[in-house]
Amino acid sequence: MKQVRDYDVEKLMVATVASHTALQLLRAAKKTGFRTAAICLTDNKPFYEKFGFIDEIYTAAVDTLDKLAPKLAERNTVFIPHGSFVEYCGPKKAQSFKVPFFGTRQLIEVEADQRRKMMLLREAGIPTPEEYSSPEEAEPPVIIKLAGAKGGAGYFLAFTKQELEAKTRNLNQPYIIQRYIIGVGVYMHYFASQMFRRVEVFGADTRYETNVDGRVFGLAEPSFVVVGNRPLVIRESLLPRYMRFGEQFASAVEDTLGTPMIGPFCLETIITDKFEIKCFEFSGRIVAGTNVYMGTGSPYSVLYFDKPMDMGERIAHELKVAAEKNCLEKITS
Amino acid sequence: MKQVRDYDVEKLMVATVASHTALQLLRAAKKTGFRTAAICLTDNKPFYEKFGFIDEIYTAAVDTLDKLAPKLAERNTVFIPHGSFVEYCGPKKAQSFKVPFFGTRQLIEVEADQRRKMMLLREAGIPTPEEYSSPEEAEPPVIIKLAGAKGGAGYFLAFTKQELEAKTRNLNQPYIIQRYIIGVGVYMHYFASQMFRRVEVFGADTRYETNVDGRVFGLAEPSFVVVGNRPLVIRESLLPRYMRFGEQFASAVEDTLGTPMIGPFCLETIITDKFEIKCFEFSGRIVAGTNVYMGTGSPYSVLYFDKPMDMGERIAHELKVAAEKNCLEKITS
Amino acid sequence: MKQVRDYDVEKLMVATVASHTALQLLRAAKKTGFRTAAICLTDNKPFYEKFGFIDEIYTAAVDTLDKLAPKLAERNTVFIPHGSFVEYCGPKKAQSFKVPFFGTRQLIEVEADQRRKMMLLREAGIPTPEEYSSPEEAEPPVIIKLAGAKGGAGYFLAFTKQELEAKTRNLNQPYIIQRYIIGVGVYMHYFASQMFRRVEVFGADTRYETNVDGRVFGLAEPSFVVVGNRPLVIRESLLPRYMRFGEQFASAVEDTLGTPMIGPFCLETIITDKFEIKCFEFSGRIVAGTNVYMGTGSPYSVLYFDKPMDMGERIAHELKVAAEKNCLEKITS
């Protein structure tokens with residue numbers, strides 16, 4: 001198959017799966033001068049056809065996605081993976097999709113395994129919530145996370161030993177138990193730039209979750225299902241610490257996986273009322289929370305560039321710089 | 001009186017009632033090249049006089065508003081109706097205000113009647129909360145909405161049969177009872193464009209309500225009085241469904257009223273933790289929630305245009321295109 | 001020491017303490033054409049060194065800050081005070097820092113004294129929560145504020161007489177007791193412009209506080225520690241009143257202190273479900289909540305200017321106009 005070093009950099013195409021952050025990514029790519037393609041794995045083609053900035057639309061089933069790879073590579077495609085792509089295909093198939101990725105491919109399998117995921121954070125020296133090896137040793141309040149949990153579903157809380165025991169007794173799938181940190185959630189977006197040799201802090205969001213952000217009045221259990229995102233800025237006095245965590249994360253990826261951190265990632269944290277920051281999860285690629293800045297750009301993006309950028313624009317800019325320098329292999333994997 | 005077909009399109013004036021979204025609307029109109037007028041129905045003239053983008057300020061009482069109509073029409077005015085205009089005048093007077101409206105005039109009376117309002121949504125095939133014809137058949141939790149409810153006031157909840165009975169027993173005004181949907185609120189803004197022949201998804205907000213979004217600590221009953229709005233983006237995987245709902249709404253308006261949907265509208269929805277979307281209300285014109293994007297533009301507006309637009313700018317753009325094509329009658333009623 | 005009237009207006013430098021809103025302020029200053037300096041009072045120099053828009057970085061201890069003053073003045077520096085500067089130095093040292101301030105210097109000591117602070121608001125005719133002179137006369141729910149409270153820490157609630165008594169019995173530092181207003185918080189940002197002779201309404205935010213905005217589930221007491229901010233717009237029908245309050249505040253400052261209100265300030269309010277606005281605090285300078293608009297600009301800034309501005313840009317613009325008119329002394333103190 002055609003390799004990235006053989007790509008015609010004048011004719012690059014940016015592709016992604018049509019969901020998650022596809023609109024943000026493809027709009028920015030088109031505006032920056034690239035051809036764009038959306039890959040529809042569900043029946044949402046009619047929706048994506050509405051938008052003039054999408055040049056090509058491919059429909060595929062999860063099973064037939066592989067067959068698309070040579071065609072995309074032939075058309076000089078850089079593929080941008082995101083959470084929905086991984087969710088639709090499963091981590092194995094996602095990681096082995098044979099089109100050059102903008103991003104660090106190997107992180108997909110790390111993320112799919114809750115234990116490896118948390119271990120990477122600890123190796124980066126980023127504070128994480130205490131983890132318990134069994135319900136017996138756990139000290140509630142705790143949160144139980146099923147291995148395949150996604151988008152907030154598959155997480156549940158236990159406030160007492162009894163509740164924890166009752167909720168885990170008949171669980172026949174792998175899970176981890178973390179101390180439930182009391183505080184407020186901050187989802188911090190970063191961009192690891194190989195072209196500018198730095199980690200940039202990009203923006204932050206909070207998740208909008210049912211049934212915790214609605215007017216529930218005790219009528220339902222909390223369910224943590226994410227339906228949207230809202231913009232947030234944090235105290236500037238906390239930013240240096242977040243900056244270090246971002247840099248430490250990128251270093252730990254390189255040290256552990258032997259391959260650099262490329263592009264967007266997110267540290268999912270809780271800040272306590274003692275200003276402790278605990279990271280309970282990460283995303284090794286673009287998060288949907290970046291959509292809050294689509295088109296208008298994020299507050300922190302102006303720390304690095306003249307104009308506010310959204311994450312799609314930041315990625316497209318990195319691609320453009322790499323294409324101009326003829327070093328696409330540095331930002332793909 | 002002067003009709004829109006006799007208007008001098010070089011000298012159009014955009015007018016609205018000075019409240020709600022007037023600043024957003026008039027600023028954008030002025031910037032786009034139109035003359036602008038604010039109609040003050042309350043004693044807020046000194047406030048609106050501060051802003052350079054308002055060319056003319058009229059003061060009127062609700063009773064004398066009619067007399068203003070010929071003068072405004074003479075000056076080639078397109079009037080943009082909004083919720084405060086309807087609230088101040090009452091739906092009857094609002095609907096019969098004899099100046100060309102940007103928007104679908106007939107929707108005002110539909111909206112004023114909770115039953116017709118919900119019926120239109122059902123005719124559009126948009127899922128709505130179950131409705132009960134009497135307190136006896138209702139299954140709490142439910143929300144009771146008085147006919148004249150506005151801005152959240154006049155809504156109350158009942159969690160049990162007893163509570164429902166107690167709260168409705170002495171109610172001597174019309175009301176409807178809807179199942180109270182547990183989830184998170186999403187107010188989705190749309191723009192029905194006659195010039196581009198499409199329904200555009202524009203943005204979303206959440207309402208900021210007292211006493212539910214404050215730090216109430218059980219000291220007061222929830223009151224749902226809207227004091228402001230906050231920006232929101234939703235999961236991209238939910239957008240195609242919202243898009244269809246918007247298109248179905250516009251079609252249902254045309255089918256039911258025999259006149260096209262023109263300009264901004266809003267579907268007021270709850271998303272449950274099963275990703276069901278239930279629409280509990282609509283607004284047939286610009287909602288105050290669009291103010292969150294004033295000046296900076298909304299995330300979804302860039303899906304259609306090069307630069308982010310706020311709803312005022314979107315309306316002004318539509319007016320400009322219609323004026324250039326000399327077909328103002330297509331976007332007024 | 002060099003006075004502002006002797007400054008070389010072609011070579012102005014804008015400086016602030018490196019925290020709070022320093023990134024917003026210095027980025028905007030640089031973009032507007034000024035030299036910029038960050039003063040690091042904590043060990044955060046490595047963070048601020050990352051940003052190209054900061055020309056000079058000074059490190060100082062609180063004790064040695066004074067020594068920096070002549071050097072800064074020599075370099076034609078206008079210093080922008082903010083909450084972290086006051087917090088780090090203490091109000092006395094902050095107020096006497098001998099570099100020209102953009103802002104009203106005397107407000108620092110007013111704010112440091114909860115009683116003088118509330119008195120200024122009352123003199124401005126702005127509604128404030130009822131205040132009680134002793135726990136005995138107080139009618140809960142109340143909020144108790146320690147004299148040195150900052151960033152939300154040092155505030156606590158009492159819902160009953162008993163709770164109030166228990167919580168104040170052994171308090172051996174000064175405090176005030178205010179009626180706890182039930183409603184939603186609105187932090188309204190203003191800009192008092194000497195150059196344009198007006199008070200501008202700029203934007204609003206809500207605070208993001210632990211442990212009240214997180215998913216606490218009754219596991220911890222509310223703690224009101226601010227970790228971030230989120231954007232907000234309020235109903236336009238409330239804006240004229242907020243506008244008047246802003247103007248009344250600026251007048252009261254001038255009447256009371258004999259010196260004009262200069263630059264940004266904030267009224268910290270609660271809106272009740274009767275649409276009463278109660279102001280429970282003010283900030284006599286830029287608040288961290290303005291960071292929500294960094295780079296993209298605030299919704300209300302476009303009411304006065306062609307393009308959205310953030311507060312840093314608004315300040316830089318005022319400085320530029322004053323420098324061009326050679327009247328820096330009008331906007332410094």
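Below, read A as the first sequence line, B as the second, and so on, with proteins coming before strands; counting in each chain starts at 1. All values reported here derive from a predicted model rather than from experimental measurement.
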Trainee: Side chain, backbone, both or neither: which part of E200(A) has an atom under 4.5 Å from a heavy atom of chain C?
Mentor: neither
Trainee: Given that the side chain runs from C-beta out, which part of Y293(A) has a heavy atom under 4.5 Å from chain C: side chain, backbone, both or neither?
Mentor: neither
Trainee: How far apart are the closest heavy atoms of T206(A) and R230(C), and which atoms are they?
Mentor: OG1-NH1, 3.4 Å
Trainee: Checking heavy atoms, do the side chain of R27(C), its backbone, both or neither come under 4.5 Å from chain A?
Mentor: side chain
Trainee: Walk me through whether H82(C) and E236(A) qualify under side-chain contact (heavy atoms from CB on, under 4.5 Å).
Mentor: CA-CA 12 Å; H82(C) 53 54; E236(A) 191 166 312; over 6 Å; no
Trainee: Taking side chain as everything from C-beta outward and backbone as N, CA, C, O, which of these in N44(C) sits under 4.5 Å from a heavy atom of chain A? Side chain, backbone, both or neither.
Mentor: side chain
Trainee: Give me the atom names and distance for the closest heavy-atom approach of V226(C) to F275(A).
Mentor: O-CE2, 3.7 Å
Trainee: Is F217(C) in contact with chain A via its backbone, its side chain, both, or neither, using a 4.5 Å heavy-atom distance?
Mentor: both
Trainee: Which one wins on heavy-atom pair count under 4.5 Å against chain A: T296(C), V212(C), T210(C)?
Mentor: T210(C)
Trainee: Please check if atom CD in E139(A) has more than 12 non-hydrogen atoms from other residues, nucleotides or ligands closer than 6.0 Å.
Mentor: no
Trainee: What part of L238(A) is in contact with chain C, defined as an atom under 4.5 angstrom from a non-hydrogen atom: side chain, backbone, both or neither?
Mentor: side chain
Trainee: Give the member of I270(A), L157(A), L232(A), I181(A) that has the highest number of heavy-atom pairs under 4.5 Å with chain C.
Mentor: L232(A)
Trainee: Which atoms of P240(A) are under 4.5 Å from chain C, going by heavy atoms: the side chain, the backbone, both sets, or neither?
Mentor: both
Trainee: Kindly give the heavy-atom pair with the smallest separation between A220(C) and I182(A), and that separation in Å.
Mentor: CB-CG2, 3.8 Å
Trainee: Would you say K320(A) has more than 12 foreign heavy atoms packed within less than 6.0 Å of its NZ?
Mentor: no
Trainee: Considering only heavy atoms and a distance below 4.5 Å, find which of L219(C), D213(C), V292(C) pairs most often with chain A.
Mentor: L219(C)
Trainee: I'd like to know which of S237(A), P231(A), P141(A) tops the heavy-atom pair count under 4.5 Å against chain C.
Mentor: P231(A)
Trainee: Please examine the side chains of L239(A) and L23(C), heavy atoms only from C-beta on, and report whether any two atoms are closer than 4.5 Å.
Mentor: yes
Trainee: So which part of S84(C) gets closer than 4.5 Å to some heavy atom of chain A, the side chain, the backbone, both or neither?
Mentor: neither
Trainee: Which heavy-atom pair separates N291(C) from P299(A) by the least distance, and what is that distance?
Mentor: O-CB, 4.2 Å
Trainee: Check step by step if side-chain contact (heavy atoms from CB on, under 4.5 Å) holds for M243(A) and K50(C).
Mentor: CA-CA 10 Å; M243(A) 186 81 254; K50(C) 292 176 192 295; 3.6 Å; yes
Trainee: Need one label for R241(A): side chain, backbone, both or neither, based on atoms under 4.5 Å from any heavy atom in chain C.
Mentor: neither
Trainee: Are F53(C) and L303(A) packed together at the side-chain level, in the sense that at least one heavy-atom pair is separated by less than 4.5 angstrom?
Mentor: yes
Trainee: If I measure from the heavy atoms of chain C, does P308(A) come under 4.5 Å with its side chain, its backbone, both, or neither?
Mentor: side chain
Trainee: Side chain of Y300(A), backbone of M294(C): donor and acceptor closer than 3.5 Å?
Mentor: no
